[in-house]
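Letters A, B, ... mirror the listed sequences (proteins, then strands); counts begin at 1. Bear in mind that the values here come from a model prediction, so they are computed numbers and not experimental data.
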Amino acid sequence: ELKVEQNPLFLSMQEGKNYTIYCNYSTTSDRLYWYRQDPGKSLESLFVLLSNGAVKQEGRLMASLDTKARLSTLHITAAVHDLSATYFCAVDISQTSYDKVIFGPGTSLSVIP
Amino acid sequence: NAGVTQTPKFQVLKTGQSMTLQCAQDMNHEYMSWYRQDPGMGLRLIHYSVGAGITDQGEVPNGYNVSRSTTEDFPLRLLSAAPSQTSVYFCASSSARGVWWETQYFGPGTRLLVL
């Protein structure tokens, strides 16, 4: 059974600190996505990681993908309050075409001033 | 561009009623999807479409039907609503898949309560 796990599920951190959110998945995939969701809002696409070793950065967020370890990380550098949100990773388990994209349960991040 | 729009925003149904959730996009995107979001479970794919006239099942398709007669519209039909279908439903679209410029745009969501 395919599982997408995120760790931690809840994270409270102080402004200015660094932290990493982990996304583990249990089947072969070479496409992984990160999304952000604010409370009561829709989802915003953050990163698309398409190959082993892919690294993408946007502002204080950096995402990486290790397909051999079936692991993606979302690193937060010098957190600010505006980063408070729920972050989802999602794994595309199709090998040839748009098929099933399985979401993790989400990591609820709270950045405290 | 309005992006991805969904109607209604909120809906209350009685068990056994049917209804259609509307989704439209004005970005000429080929790919459209329907997800449901339940607390603590992330999003689950219900149905998706890779173009007009082409649809397929996702992770949790039972109890839902879709059709794609135009590029712009991708309605989701609940055939006979059940309390287990109480959820927030999101429609999404993207212009490409599996490429570095891929971006999936989500609609604002429809909150559905089935009594």
Please identify each residue that fulfils side-chain contact (heavy atoms from CB on, under 4.5 Å) with B/S84, with sequence neighbours left out.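 Residues passing side-chain contact (heavy atoms from CB on, under 4.5 Å) with B/S84: B/A82.
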Would [X] and [Y] show up in the same hydrophobic cluster when neighbours are defined by side-chain heavy atoms closer than 4.5 Å?
X	Y	result
A/L46	A/Y19	yes
A/Y22	A/F47	no
B/L21	B/Y64	yes

Between A/S42 and B/G107 (side chain of the first, backbone of the second, donor and acceptor by atom type, cut-off under 3.5 Å), is there such a pair?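 Checking the backbone N and O of B/G107 against the side chain of A/S42, a donor-acceptor pair under 3.5 Å is found.
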To check you understand the geometry: which heavy-atom pair defines the closest contact between [X] and [Y], and what is its length?
X	Y	value
A/K41	B/F90	O-CZ, 3.9 Å
B/F106	A/L43	CB-O, 3.6 Å
A/Y35	B/Q104	OH-OE1, 2.6 Å

How would you list all residue pairs meeting salt bridge (Lys or Arg N to Asp or Glu O under 4.0 Å) that involve residues 14-39 of chain B, not counting sequence neighbours?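 Residue pairs passing salt bridge (Lys or Arg N to Asp or Glu O under 4.0 Å), neighbours aside: B/R36-B/D38, B/D38-B/R44.
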Taking atom CZ of B/R111 as the centre, does the number of heavy atoms from other residues, nucleotides or ligands within less than 6.0 Å exceed 12?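 Atom CZ in B/R111 is not crowded, with 12 or fewer foreign heavy atoms closer than 6.0 Å.
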When rounded to the nearest 0.5 angstrom, what distance separates CD in B/Q37 from CZ in A/F88?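 Going from the CD atom of B/Q37 to the CZ atom of A/F88 covers 4.5 Å.
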Value rounded to 0.5 Å, distance of OG1 in B/T103 from OH in A/Y33: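 Interatomic distance, B/T103 OG1 to A/Y33 OH, rounded to 0.5 Å: 10.5 Å.
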Quick check on A/E44 against chain B: is it the side chain, the backbone, both or neither that has a heavy atom closer than 4.5 Å?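 Looking at A/E44, nothing touches chain B.
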